[in-house]
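To start, the structure under review is shown below, and the notes come after it.
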Amino acid sequence: MKRILIIGIGAGNPDHLTLQAVKAIAAADVFFVLDKGEAKHDLVQLRQDLVDAHARAPYRLVEARDPERDRTTPAYAGAVEDWRSRRADIYERLVRDELGDDEIGAFLVWGDPSLYDSTLAIVEEVLARGTVRFEYDVVAGISSVSALAARHRTSLTRVARPLHITTGRRLSEEGPGESDDIDDIVVMLDARNAFASLPDPADFEIYWGAYLGTPDEILVAGPVEEVADRIRDVRAEARERKGWIMDTYLLRRVPRGSSPS
């Protein structure tokens, strides 16, 4: 039967690849890569470099164009669902037409496949359609969240306190929560600079990072009140220069009675 490997490749540093991921790449016969256009060519290039370094010949690399998602509609959930279904059409075709019955195909997933990535959901949708049969396994990767904490030399958690992972959209809509609820918040997919609009910015420190693990990596940390404008400016400049940005950050509430570090 056809088999698919969903391989987490880390946050951008080739050294983030785990030994399990190296073995999985070596086992694959076909690598499926979605091309996101010229602006994001370096995302494809990293995958190509990892395949060149760790795959075993003979193997094939098959590219397909990633469908565009409507980022203008206010119906966010519907736009994502539509985009995933169009991606599932592509995955279905790739697995059906480009993978032999006894071959192993691989999707190299940025970061970790289980954290804010659509590949698992799309593969499950393809299976649910019943048009192509295959088995699949998941190889964990180093997420941008883990890379962020490591690069800032901080822990994501504090003793007896919860860690909340959310999106910039939800943070903008709901705020950071009450003081007795959540003190440590990891924010991903923030196109709105939600950290700059906190109702109580004096209560938080921020650990922000972009292009983590890559030569373009940018790190900023400090009290939100002091560094929010800097992050916003650096982020805008980087996005203009590269045409895209991947960033994440940790918001940490400062205990009452103490000063931000």
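One is the number of the first residue; the rest follow in order along the sequence.
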Do [X] and [Y] have a side chain donor and acceptor closer than 3.5 Å?
| X | Y | answer |
| --- | --- | --- |
| Tyr59 | Glu103 | no |
| Arg87 | Ser118 | yes |
| Thr154 | Arg252 | yes |

Side-chain contact, heavy-atom cut-off 4.5 Å: [X] with [Y]?
| X | Y | value |
| --- | --- | --- |
| Leu46 | Pro14 | yes |
| Val123 | Phe134 | yes |
| Val132 | Val95 | yes |
| Val220 | Tyr249 | no |
| Lys242 | Tyr211 | yes |
| Tyr91 | Leu34 | yes |
| Met188 | Thr167 | no |
| Glu237 | Asp233 | no |

Would the distance check show the side chain of [X] and the main-chain N or O of [Y] forming a donor-acceptor pair, the cut-off being under 3.5 Å?
| X | Y | answer |
| --- | --- | --- |
| Asp112 | Gly141 | yes |
| Thr248 | Val187 | yes |
| Trp208 | Ala221 | no |
| Lys2 | Gly100 | no |
| Asp190 | Asn193 | yes |
| Ser197 | Ala194 | no |
| Arg86 | Glu68 | yes |
| Arg153 | Ala149 | no |
| Ser146 | Ile142 | no |
| Asn13 | Asp15 | yes |

Distance from [X] atom [atom1] to [Y] atom [atom2], nearest 0.5 Å?
| X | Y | atom1 | atom2 | answer |
| --- | --- | --- | --- | --- |
| Leu17 | Asp49 | CG | CG | 12.0 Å |
| Leu94 | Ile4 | CG | CD1 | 9.0 Å |
| Asp200 | Arg253 | CG | CZ | 5.5 Å |
| Gln48 | Leu61 | CD | CG | 5.0 Å |
| Ile206 | Glu226 | CD1 | CD | 12.5 Å |
| Asp89 | Glu125 | CG | CD | 7.5 Å |

Kindly give the heavy-atom pair with the smallest separation between [X] and [Y], and that separation in Å.
| X | Y | answer |
| --- | --- | --- |
| Ala88 | Val126 | O-CG2, 3.5 Å |
| Ile218 | Ala238 | CD1-CB, 3.9 Å |
| Ala21 | Ile7 | CB-CG2, 3.7 Å |
| Ala28 | Ala106 | CB-CB, 3.8 Å |
| Gly10 | His16 | CA-CB, 3.9 Å |
| Pro113 | Ile6 | CB-CG2, 3.8 Å |

(Q) Using the side-chain contact (heavy atoms from CB on, under 4.5 Å) definition, which of the options Leu198, Asp183, Ile182, Thr166 pairs with Leu251? (A) Leu198

Please answer: with hydrophobic residues joined when any side-chain heavy atoms are less than 4.5 Å apart, are [X] and [Y] in the same cluster?
| X | Y | result |
| --- | --- | --- |
| Leu148 | Val186 | yes |
| Leu115 | Ile122 | no |
| Leu189 | Leu163 | yes |
| Val30 | Leu127 | yes |
| Val33 | Val51 | yes |

Charged N-O contact under 4.0 Å between [X] and [Y]:
| X | Y | value |
| --- | --- | --- |
| Arg3 | Asp102 | no |
| Arg133 | Asp101 | no |
| Asp184 | Arg161 | no |
| Arg129 | Glu92 | yes |

Q: Test side chain to side chain contact (heavy atoms under 4.5 Å, CB included) on Val224 and Glu205 and set out the steps.
A: CA-CA 5 Å; Val224 170; Glu205 295 177 320; 5.9 Å; no

What do you reckon, is [atom1] of [X] surrounded by more than 12 foreign heavy atoms closer than 6.0 Å?
| X | atom1 | result |
| --- | --- | --- |
| Glu98 | CD | yes |
| Arg60 | CZ | yes |
| Arg230 | CZ | no |
| Glu240 | CD | no |
| Arg169 | CZ | yes |

Q. How far apart are the C-alpha atoms of Trp110 and Tyr116, what are their side-chain angles, what is the distance that settles it, and do they pass the ring-ring contact (aromatic ring centres under 6.0 Å, His included) test?
A. CA-CA 10 Å; Trp110 205 268; Tyr116 281 104; over 10 Å; no

Q | Worked check of side chain to side chain contact (heavy atoms under 4.5 Å, CB included) between Val109 and Val139 | A | CA-CA 9 Å; Val109 175; Val139 177; over 6 Å; no

Q: Could you please spell out the steps behind the side chain to side chain contact (heavy atoms under 4.5 Å, CB included) verdict for Trp244 and Met246?
A: CA-CA 7 Å; Trp244 61 278; Met246 288 197 301; 3.7 Å; yes

Q: Check the pair Trp83 / Asp66 against side chain to side chain contact (heavy atoms under 4.5 Å, CB included), numbers first and verdict last.
A: CA-CA 9 Å; Trp83 171 73; Asp66 197 18; 4.1 Å; yes

